[in-house]
Engineer: 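Here's a structure for you.
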Amino acid sequence: MKMVGSQKHRAEEEAQETCAPRFQRKTLTAPAPFADETSCQCRAPHEKLTIAQARLGTPVDRPVRVYADGIFDLFHSGHARALMQAKTLFPNSYLLVGVCSDELTHNFKGFTVMNENERYDAVQHCRYVDEVVRNAPWTLTPEFLEKHKIDFVAHDDIPYSSAGSDDVYKHIKEAGMFVPTQRTEGISTSDIITRIVRDYDVYARRNLQRGYTAKELNVSFINEKKYRFQNQVDKMKEKVKNVEEKSKEFVNKVEEKSHDLIQKWEEKSREFIGNFLELFGPDGALKQMFQERSGRMLQAFSPRQSPTSSPTRGRSPSRSPSPPWVFNKASPPSSPKAASASLSSMSEGDEDEK
């Protein structure tokens, strides 16, 4: 019994080892491996799971293998978000991504921008992908599901009519292996191509500017000349725009400086007017100085009055004597001789006083 138990345990370990790829996924440090290069021939028992069991994290001895397929032309954020949803559907999952070949895609959907090798490489470098299946089938067969030990298939829930079928995932849904994901609105490969076609002239002119030839762009001789002329016109417009912006900046600077100059001029004008009024105004310093000097001149030229306490020398106090040179208004001198005689008498009187 011990031999049987040990052999069974060893067989389970070998089965688990064969389930794992020969080289493990190095997330964010290396691209995902291709399925046909892993040499993984899984011999472990692969029990069928329900979605409820997978969401609970069972089985514990292996990850839930989720498969998502597509064309992945012009790989964009919508593709990456769909793969992220597929990767995070269950707590422990291993995401296989199938990419259809050019032959299948051109037959069933249409011409692609990127060839199959470019599309393989784009998906291989998505961080959510654990393994890439090249030349994936357009319709999933039981043999393909068994070969890759696929538990569930992830895709958006919109019926995908192709290859004579209303929905290529109908049998997967009926088997209970389909898990829906959500599409990212506003972004798709068709939308990107539509933008390029709508603005074809813009992108043609852009690539001509970058050095591509008219032959490489499949542009006629006339259109090439037209695009180059439009590029020259755009350059001239850009130069004019730059000149206008620079002139606006210069005008703004001049206005700022003129405003500052006007403010300074007003301040200096107020200061000058204030100084002028202080010097020449009604109560200015110049008038006060003139008044002081005129007062001094008047004091210098006017005679000094005798003190009020000095004796009157016998004169009547009630009547002050008039100066001898003051003539009587009633009897002015009759002739020059009389005037000279009166002056001589006045001088003699002064000598007598002395």
Side-chain angles (χ1 to χ4, degrees), residues 8-70 72 75 78-100 119-137 140-157 169 171-184:
K8 183 178 180 181
H9 181 68
R10 188 180 301 172
E12 290 178 355
E13 289 181 350
E14 290 178 356
Q16 290 178 10
E17 289 177 359
T18 56
C19 269
R22 288 187 178 180
F23 56 95
Q24 294 181 353
R25 172 81 167 99
K26 298 178 180 179
T27 306
L28 302 181
T29 60
F34 292 117
D36 53 0
E37 293 179 354
T38 59
S39 300
C40 176
Q41 299 297 329
C42 186
R43 295 189 301 271
H46 198 84
E47 298 178 358
K48 187 174 181 180
L49 298 175
T50 64
I51 295 177
Q53 290 174 333
R55 293 191 189 280
L56 293 174
T58 55
V60 295
D61 58 341
R62 68 173 180 85
V64 177
R65 295 175 69 84
V66 180
Y67 178 81
D69 59 359
F72 303 105
F75 191 87
H79 295 140
R81 288 175 180 271
L83 297 178
M84 178 186 69
Q85 293 178 60
K87 175 67 176 176
T88 58
L89 286 171
F90 308 110
N92 183 22
S93 61
Y94 186 85
L95 180 61
L96 299 92
V97 179
V99 182
C100 299
R119 294 185 286 112
Y120 296 154
D121 188 64
V123 175
Q124 191 181 15
H125 287 82
C126 179
R127 63 183 296 181
Y128 310 110
V129 179
D130 295 303
E131 190 174 315
V132 176
V133 180
R134 292 183 285 193
N135 193 17
L140 300 178
T141 61
E143 294 78 15
F144 180 84
L145 297 174
E146 177 62 26
K147 176 183 178 181
H148 295 281
K149 304 299 181 183
I150 296 171
D151 294 309
F152 299 101
V153 176
H155 200 273
D156 62 80
D157 203 15
Y169 297 103
H171 64 290
I172 303 295
K173 294 176 181 178
E174 292 175 350
M177 298 176 62
F178 186 85
V179 184
T181 58
Q182 298 295 324
R183 292 178 64 90
T184 302

Engineer: Nearest 0.5 angstrom please: Lys147 NZ to Thr141 OG1, how far?
Structural biologist: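 One gets 9.5 Å once the value is rounded to the nearest 0.5 Å.
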Engineer: If only atom types and distance count, is the side chain of His171 paired as donor or acceptor with the main-chain N or O of Leu140 below 3.5 Å?
Structural biologist: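 Judged by distance alone, yes, a pair lies under 3.5 Å.
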Engineer: Show every donor-acceptor pair shorter than 3.5 Å between a side-chain atom in residues 177-184 and any protein atom, with sequence neighbours excluded, or say none if there are none.
Structural biologist:
from	atom 1	to	atom 2	distance (Å)
Thr181	OG1	Asp156	N	3.4

Engineer: In Å and rounded to the nearest 0.5 Å, what is the CD1 to CG distance from Ile51 to Leu56?
Structural biologist: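 The CG atom of Leu56 is 12.0 Å from CD1 of Ile51, to the nearest 0.5 Å.
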Engineer: Can you say whether the rings of Phe152 and Phe90 are parallel (under 30°), tilted (30 to 60°) or perpendicular (over 60°)?
Structural biologist: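 Taking Phe90 first and then Phe152, their aromatic rings sit tilted (interplane angle of 30° to 60°).
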Engineer: Taking side chain as C-beta onward, heavy atoms only, is Leu83 less than 4.5 Å from Phe72?
Structural biologist: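 Yes - at least one pair of side-chain heavy atoms lies under 4.5 Å apart.
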Engineer: Say you draw a straight line from NZ of Lys173 to NE2 of His155; how long is it, rounded to the nearest 0.5 Å?
Structural biologist: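 It is 9.5 Å, given to the nearest 0.5 Å.
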Engineer: Does Asp151 use its side chain to pair, donor to acceptor, with the backbone of Val66 at less than 3.5 Å?
Structural biologist: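 Flag not set: sc Asp151 to bb Val66 has no pair under 3.5 Å.
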Engineer: For Arg81, look at atom CZ and say whether over 12 heavy atoms of other residues, nucleotides or ligands are found less than 6.0 Å away.
Structural biologist: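 12 or below, so no.
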Engineer: Looking only at atom types and distance, does a side-chain atom of Arg65 sit under 3.5 Å from a main-chain N or O of His148, one as donor and one as acceptor?
Structural biologist: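 Looks like yes, one N/O pair under 3.5 Å.
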Engineer: Excluding sequence neighbours, so at least two apart, what forms ring pair (Phe, Tyr, Trp, His ring centres under 6.0 Å) with Phe75?
Structural biologist: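 Here the qualifying residues are His79.
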Engineer: Look at the side chain of Lys87 and the backbone N and O of Val129, then say whether any donor-acceptor pair between them is shorter than 3.5 Å.
Structural biologist: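 Pair absent, no side-chain N/O of Lys87 close to backbone of Val129.
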Engineer: Could you walk me through whether Asp69 and Tyr169 pass side chain to side chain contact (heavy atoms under 4.5 Å, CB included), step by step?
Structural biologist: CA-CA 11 Å; Asp69 59 359; Tyr169 297 103; 2.6 Å; yes
Engineer: Nearest 0.5 Å please: distance from the CD1 atom of Ile150 over to the CZ atom of Phe144.
Structural biologist: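 Those atoms lie 5.0 Å apart.
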Engineer: Does the Gln124 side chain pair with the main chain of Ala32, one donor and one acceptor, at a distance under 3.5 Å?
Structural biologist: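 Pair found, side chain donor or acceptor close to backbone of Ala32.
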Engineer: First locate atom OH of Tyr120, then atom CG of Asn135, and finally report the distance between them rounded to the nearest 0.5 Å.
Structural biologist: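 Between Tyr120 OH and Asn135 CG, I get 5.0 Å after rounding to 0.5 Å.
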